[in-house]
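Notes to accompany the following structure.
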Amino acid sequence: MSIKPAIFLPELLRHLFKRPVTVKYPFEKEPVPKDFRGNVVFDPPKCIGCMICVNDCPAEAIEIIRVSETEKKFKMLLHNDRCIHCAQCVDSCPTKAYHMDSEYEIAAFSRRHLKIEYK
Ligand code: SF4
Ligand code: SF4
């Protein structure tokens with residue numbers, strides 16, 4: 001069965017003047033939606049050590065560690081290999097010590113490289 005040019009030619013000509021629907025990723029990064037949940041980011045000075053985030057995280061991905069006996073200072077160890085990017089920690093923290101960034105290229109060859117320490 002042969003296809004007559006009259007059938008596909010108009011379609012072909014129409015598409016000659018349209019932008020491609022595919023994107024040039026990874027050579028060009030596309031913007032992410034406003035509420036995209038990338039990596040958890042922690043702001044240590046805001047932390048009061050209440051441990052609500054540790055208790056609320058469904059993936060047990062957060063460790064809060066006291067770094068000074070005299071001052072109330074804390075660091076956070078994020079196990080990004082466990083994090084499911086649910087943003088519960090962002091919602092739970094009473095001092096707004098967390099936010100999510102817009103990063104989505106977070107794959108690594110080893111789980112070791114997915115531990116992030118914020119201090
Ligand atoms: S985004 Fe969810 S899974 Fe990841 S650290 Fe926060 S509460 Fe835990
Ligand atoms: S919920 Fe917020 S203030 Fe409390 S330990 Fe976690 S990060 Fe610190």
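Remember, it's 1-based here, ligands and their atoms both numbered in the order they're listed.
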Axial cation check for Y98 ring with K46, 6.0 Å and 45° limits: no
Between I116 and V90, is there shared hydrophobic-cluster membership here, with clusters defined by ILVMFWY side-chain heavy atoms closer than 4.5 Å? yes
Output yes when E103 and K29 qualify as a salt bridge under the 4.0 Å nitrogen-oxygen rule, no when they do not. yes
Around atom 8 (Fe) of ligand 2, find the nearest protein heavy atom and jot down its residue, atom name and distance. C47 SG, 2.4 Å
Interatomic spacing from CE in M76 to SG in C89 - rounded to 0.5 Å: 6.5 Å
Closest protein heavy atom (residue, atom, distance) for atom 3 (S) of ligand 1: I84 N, 3.3 Å
For atom 1 (S) of ligand 1, what's the nearest protein heavy-atom neighbour? Residue, atom name and distance, please. A87 N, 3.2 Å
Quick one: are I52 and C93 in side-chain contact, heavy atoms under 4.5 Å? no
Contacting atoms of ligand 2, where contact means under 4.0 angstrom from a heavy atom of Y98: 7 (S)
Given E105 and Y25, is the side-chain hydrogen bond (donor to acceptor under 3.5 Å, both in side chains) satisfied, shown in steps? CA-CA 11 Å; E105 293 174 324; Y25 181 83; 2.7 Å; yes
Give the contacting part of H85 toward ligand 1: side chain, backbone, both or neither, where contact means a heavy-atom distance below 4.0 Å. backbone
Counting backbone and side chain alike, does C86 bring an N/O/S atom below 2.8 Å of atom 2 (Fe) of ligand 1? yes
Subset of ligand 2 atoms that lie under 4.0 Å from at least one heavy atom of I48: 3 (S), 8 (Fe)
Counting neighbours of CZ on F8 that are heavy atoms of other residues, nucleotides or ligands and sit closer than 6.0 Å, is the number greater than 12? yes
I need the nearest protein heavy-atom contact for atom 4 (Fe) of ligand 1: residue, atom name and distance, please. C83 SG, 2.3 Å
In the protein, which heavy atom is nearest to atom 7 (S) of ligand 1, and how far is it? C89 N, 3.3 Å
Atoms of ligand 2, numbered as shown, that sit under 4.0 Å from any heavy atom of C53: 1 (S), 5 (S), 6 (Fe), 7 (S)
Any F42 side-chain heavy atom under 4.5 Å of I62 side chain: no
Only heavy atoms of P94, strictly under 4.0 Å: list the atoms of ligand 2 that pass. 1 (S)
Hey, which atoms in ligand 1 end up nearer than 4.0 Å to a heavy atom of I62? 5 (S)
Ligand 2 atoms nearer than 4.0 angstrom to some heavy atom of T95 are 3 (S)
Atoms in ligand 2 flagged as close to C93, the criterion being non-hydrogen separation under 4.0 Å: 1 (S), 2 (Fe), 3 (S), 7 (S)
For ligand 2, does M51 get within less than 4.0 Å through its side chain, its backbone, both, or neither, judged by non-hydrogen atoms? backbone
Less than 4.0 Å between a side-chain N and a carboxylate O, is that true for E117 and K115? no
Can you sort out which atoms of ligand 2 are near F42, meaning under 4.0 Å from one of its heavy atoms? 7 (S)
For ligand 1, which atoms have a heavy atom of C57 less than 4.0 angstrom away? 3 (S), 5 (S), 7 (S), 8 (Fe)
For E60 and H79, test the side chains for any donor-to-acceptor distance below 3.5 angstrom and give the result as yes or no. no
Taking atom CZ as the centre, does R66 end up with more than 12 heavy-atom neighbours from other residues, nucleotides or ligands that are less than 6.0 angstrom away? yes
